[in-house]
Each structure stands twice: as C-alpha cells, then as structure tokens.
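A short worksheet on the structure shown next.
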Amino acid sequence: MRKYETIFILHPSLDEEAFKANVEKFKGVIENGGGVIENVDLWGKRKLAYEINKVGEGYYTLIHFTAGPELPKELDRVFRITDTVVRHIIVKDEK
C-alpha cells in the first residue's frame, strides 16, 4: 500500500448538494477499490490562477489516501469521465 494525495477542482455552477455528492462519489471509488481515506480537506470555492475552458473559479478538494498501485489509474479514469471536474491530479505522497 502506498500513500497518495489527489486534488480536484469541480465546476463552480454546482450547488452544495451536487458538490457533496461528487466528493462522496470519488471517496466511494477510493474505498471500493480497497483504499483507505486518511483525510478529506474541502477548501471551498476559490478563484483559479487562470481560466480553464472559460471557467474562472471552482470548488477545490484535497484527499489523502492509502491504496494499491492500481487504484490511482481507476480514480483518474473516473475523474476524466466526470463532466463536473475542471482539473485533477493524483500524486504519490513521498512524506
């Protein structure tokens, strides 16, 4: 098991309920894939450094988790097919 962290930005047009549903969806992908979530940090709506597809702000979320090496590939696939995700990244935590 390795430690990972992912940060993703969700579209600002989401309401609070849809935002939480998306976060729960991604947490479910991690847990169903055999991962263990260590920390979820909801940063809220923030301005982006630059516009992405004419979007200037978004909901930021940071998740620290432990998982096998195959889980980040599946999580990345789910991020890519979810229309409400503006940007995402998954990195191995070297701490």
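Computed over heavy atoms, backbone and side chain alike; hydrogens, waters and symmetry mates excluded. Numbers for residues simply follow the sequence, beginning at 1.
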Under the criterion ring pair (Phe, Tyr, Trp, His ring centres under 6.0 Å), I'd like the reasoning laid out for Phe8 against Tyr60: C-alpha separation, chi angles, the key distance, then a yes or no.
CA-CA 6 Å; Phe8 54 92; Tyr60 284 71; 9.7 Å; no
Considering only NZ, NE, NH1 and NH2 on the basic side and carboxylate oxygens on the acidic side, decide whether Glu51 and Lys54 come within less than 4.0 Å.
no
Ile7 and His88: side-chain contact (heavy atoms from CB on, under 4.5 Å), yes or no, with the steps?
CA-CA 6 Å; Ile7 187 165; His88 73 279; over 6 Å; no
Determine whether Ile89 and Leu48 fall in the same hydrophobic cluster, where Ile, Leu, Val, Met, Phe, Trp and Tyr are linked whenever their side-chain heavy atoms lie under 4.5 Å apart.
yes
Any chance you could measure Ile63, atom CD1, to Asn39, atom CG, to the nearest 0.5 Å?
9.5 Å
State plainly whether one hydrophobic cluster holds both Tyr4 and Ile9, where clusters connect Ile, Leu, Val, Met, Phe, Trp and Tyr through side-chain heavy atoms under 4.5 angstrom apart.
no
Ionic contact status for Lys73 with Glu70, cut-off 4.0 Å
no
Can you tell me if CG on Asn53 sees more than 12 non-hydrogen neighbours from other groups inside 6.0 Å?
no
Salt bridge check, Lys47 against Glu57: does any charged N sit closer than 4.0 Å to a carboxylate O?
no
Show your reasoning for whether side-chain contact (heavy atoms from CB on, under 4.5 Å) applies to Thr6 and Leu62.
CA-CA 6 Å; Thr6 182; Leu62 173 69; over 6 Å; no
Between OG1 on residue Thr61 and NZ on residue Lys20, distance to nearest 0.5 Å:
11.5 Å
Do the side chains of Ile37 and Ile90 join up, straight or via other hydrophobic residues, at under 4.5 Å, putting them in one cluster?
yes
How long is the span from the CD atom in Glu17 to the CG atom in Asn22, to the nearest 0.5 Å?
11.5 Å
Closest heavy-atom pair, Ala18 versus Leu14, reported as atoms and distance to 0.1 Å, is CB-CD2, 3.9 Å
Which atoms form the tightest heavy-atom contact between Gly68 and Pro72, and what is the distance?
O-CD, 3.4 Å
Where Leu71 and Gly33 come nearest, the two heavy atoms and their spacing:
CD1-CA, 3.8 Å
Using the rule that two of Ile, Leu, Val, Met, Phe, Trp, Tyr join whenever any of their side-chain heavy atoms come within less than 4.5 Å, decide whether Val78 and Phe65 are in one cluster.
yes
Spacing of OG belonging to Ser13 relative to CZ belonging to Phe19, to within rounding of 0.5 Å:
12.5 Å
Hey, could you give me the NZ/CD distance between Lys92 and Glu5, rounded to the nearest 0.5 Å?
13.0 Å
So Leu10 and Phe26, side-chain contact (heavy atoms from CB on, under 4.5 Å) or not? Walk me through it.
CA-CA 12 Å; Leu10 296 175; Phe26 301 130; 4.1 Å; yes
Spatial distance of atom CD (Glu74) from atom CG (Asn32) [nearest 0.5 Å]:
10.0 Å
Do the side-chain N and O atoms of Asp93 and His64 include a donor-acceptor pair separated by under 3.5 angstrom?
no
With the threshold set at 4.0 Å, does a side-chain nitrogen-carboxylate oxygen contact exist between Glu38 and Lys3?
yes
Heavy atoms, side chains only, cut-off 4.5 Å: are Phe79 and Val29 in contact?
no
Write down the atom of Ala67, the atom of Gly35, and the distance for their closest heavy-atom approach.
CB-CA, 4.0 Å
Do the side chains of Trp43 and Val86 join up, straight or via other hydrophobic residues, at under 4.5 Å, putting them in one cluster?
yes
